[in-house]
Amino acid sequence: MGKAVTASAAPDLRVLLERAPAMDEVHAALLSAGLGAAGRLLVDGVAVEVAADGAPLDCAGLYDAVANARWEGAADAALRHRASIAIRAAGSERDLGRLLAASRVAAALLALPGALALLDEVGAVFTEAGRAAARLAEAGRVPPLDLWVAVRRFAVADAEGLFIDTLGMAQLGLPDLESYAAEGPDADAVAAWLRKLALYLAQQGAPIRSGDTLDGPDERPVVAREDEATVEPRRPVIRFTPV
């Protein structure tokens, strides 16, 4: 992909709760899911650390994720939470298995009483607990990228249309993706295309370089360009424009 990508030191995932859980509740939830009860687990060969925090989060990652969230009640859930459980998986940042292992642990912890939401700080993704649990239960062979990587939309100053990008691909050692779109159905199509392409890259790790052409969301060719991000945070991206 060219430029190196470094993931944040933030936990892979956090489960936000209305109250601090007792450790025996945490152990019981992990045991029920067949994951063991230790603070450091071995999930599919990946070492995963689980650490409870009995205080509300106060971090930019949470605020950004709530701003990106599209479910009613996201802001209320962020205000109501009083504790969280951080999930950190060991391994290379380019290892998809690392995030999958962390997600298996998150699925077990989302069953705790008072679970409100799942947070991925790096991808600024904030997902309601019930939806996150359902998504993880149905994931199967398809990685739940929508729980790790946000697809954001921004109005374009002095121009018609929207700017659309992904945030969070650094967790997989990959650059984020950018494109422009007209408002309405076209923007939805571009967002869905970026989501599908991000999933393909996460699964295959196939490189995209400046000058490569792909079939765009309308099956017309687009050309890729490696660059710095248009919108914060600063990071490497692949930007797509019509040929």
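The first residue in the sequence is number 1, and the count goes up from there.
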Within the distance-only criterion (no hydrogens, no angle test), does the side chain of Gln171 pair as donor or acceptor with the backbone N or O of Gly168 below 3.5 angstrom?
yes
Between the OH atom in Tyr180 and the CZ atom in Phe240, the distance rounded to the nearest 0.5 Å is 13.5 Å
I'd like to know whether Ile85 forms a side chain to side chain contact (heavy atoms under 4.5 Å, CB included) with Leu17, so could you lay out the CA-CA distance, the side-chain angles of the two residues, the decisive distance to 0.1 Å, and finally the verdict.
CA-CA 8 Å; Ile85 301 177; Leu17 304 107; 3.8 Å; yes
hydrophobic_cluster_shared for Val15 and Val48, side chain cutoff 4.5 Å
yes
Under 4.5 Å between side-chain heavy atoms, hopping through other hydrophobics if needed: is there a path connecting Trp193 to Val243?
no
Donor-acceptor contact present, side-chain Arg98 to main-chain Leu96, <3.5 Å:
no
Do you know which two heavy atoms are closest between Ala181 and Ile164, and how far apart they sit?
CB-CD1, 4.0 Å
If you compare all heavy atoms of Met169 against all heavy atoms of Ala198, which two are closest, and at what distance to 0.1 Å?
CE-O, 3.6 Å
Could you go through the salt bridge (charged side-chain N to carboxylate O under 4.0 Å, His left out) check for Glu18 and Arg82 one step at a time?
CA-CA 5 Å; Glu18 289 182 313; Arg82 290 294 177 268; over 6 Å; no
In Glu226, Glu228, Glu178, the residue satisfying salt bridge (Lys or Arg N to Asp or Glu O under 4.0 Å) with Arg239 is Glu178
Linking I/L/V/M/F/W/Y whenever any side-chain heavy atoms sit under 4.5 Å apart, do Leu100 and Leu145 land together?
yes
Given 3.5 Å as the limit, does a donor-acceptor pair link the side chain of Gln203 with the main chain of Tyr200, or not?
no
Could you go step by step and tell me if Asp227 and Arg235 meet the salt bridge (charged side-chain N to carboxylate O under 4.0 Å, His left out) rule?
CA-CA 9 Å; Asp227 205 345; Arg235 64 204 191 282; over 6 Å; no
Can you tell me how far the CZ atom of Arg80 sits from the CG atom of Leu16, to the nearest 0.5 Å?
11.0 Å
Inter-residue atom distance Ile238.CD1 - Leu214.CG, 0.5 Å rounding
10.0 Å
When rounded to the nearest 0.5 angstrom, what distance separates CG in Leu42 from CG in Leu35?
10.5 Å
Side-chain heavy-atom pair Val237, Thr230 within 4.5 angstrom cut-off
no
Shared hydrophobic cluster, Leu199 / Leu194 (ILVMFWY, side-chain heavy atoms < 4.5 Å):
yes
Check whether Thr166 reaches the backbone of Leu177 with its side chain - one donor and one acceptor, N or O, closer than 3.5 Å.
yes
Considering all heavy atoms, the nearest Asp44-Arg104 contact
OD1-NH1, 3.0 Å
Verify the cluster assignment for Leu112 and Leu31: are they in a single hydrophobic cluster under the rule of side-chain heavy atoms below 4.5 Å apart?
no
Please name the pair of heavy atoms, one in Val26 and one in Pro21, separated by the smallest distance, quoted to 0.1 Å.
CG2-CG, 3.9 Å
Check against side chain to side chain contact (heavy atoms under 4.5 Å, CB included), Leu30 and Leu109:
CA-CA 7 Å; Leu30 295 171; Leu109 298 176; 4.0 Å; yes
Whether the side chain of Asp64 engages the backbone of Gly61 through a donor-acceptor N/O pair (distance < 3.5 Å, no angle test) should be reported.
no
Going through the distances and angles, do Leu136 and Leu147 end up as a side chain to side chain contact (heavy atoms under 4.5 Å, CB included)?
CA-CA 9 Å; Leu136 290 168; Leu147 301 182; 3.6 Å; yes
Measure from the side-chain N and O atoms of His81 to the backbone N and O of Pro56, and report whether any donor-acceptor pair falls under 3.5 Å.
no
Flag the pair Glu138 / Pro144 as yes when at least one side-chain heavy-atom distance between them is below 4.5 Å, and no otherwise.
no
Taking atom types as modelled, is there a side-chain donor on Ser103 or Trp148 under 3.5 Å from an acceptor on the other?
yes
May I ask you to check whether Asp53 and Ser84 show a side-chain donor-acceptor distance below 3.5 Å?
no
d(Arg131 CZ, Leu110 CG) to nearest 0.5 Å is 12.0 Å
Tell me the closest heavy-atom pair linking Ala129 and Ala115, and the distance in Å.
CB-O, 3.6 Å
To check you understand the geometry: which heavy-atom pair defines the closest contact between Ala10 and Val122, and what is its length?
CB-CG2, 4.2 Å
Does Glu72 CD have over 12 foreign heavy atoms under 6.0 Å away?
no
Can Leu118 and Arg14 be said to form a side chain to side chain contact (heavy atoms under 4.5 Å, CB included), step by step?
CA-CA 6 Å; Leu118 180 67; Arg14 286 187 189 269; over 6 Å; no
If you apply the rule salt bridge (charged side-chain N to carboxylate O under 4.0 Å, His left out), what do you find for Arg135 with Asp146, and how did you get there?
CA-CA 9 Å; Arg135 180 69 183 87; Asp146 51 315; 2.9 Å; yes
Atom pair CG/CG of Leu99 and Asp120 - distance to nearest 0.5 Å
7.0 Å
Does the Trp71 side chain pair with the main chain of Phe126, one donor and one acceptor, at a distance under 3.5 Å?
yes
Taking the side chain as C-beta and beyond, is there a heavy-atom pair between Leu167 and Pro233 under 4.5 Å?
yes
In terms of side-chain geometry, is the basic nitrogen of Asp165 or Arg152 positioned less than 4.0 Å from the acidic oxygen of its partner?
yes
For the residue pair Phe154 and Phe163, categorise the inter-ring angle as parallel (less than 30°), tilted (30 to 60°) or perpendicular (more than 60°).
tilted
Glu49 and Arg40 ion-paired at < 4.0 Å:
yes
Do the side chains of Asn68 and Val125 get nearer than 4.5 Å, heavy atoms only?
no
Side-chain contact test, heavy atoms from C-beta onward, threshold under 4.5 Å: evaluate it for Val222 versus Arg220 and give yes or no.
no
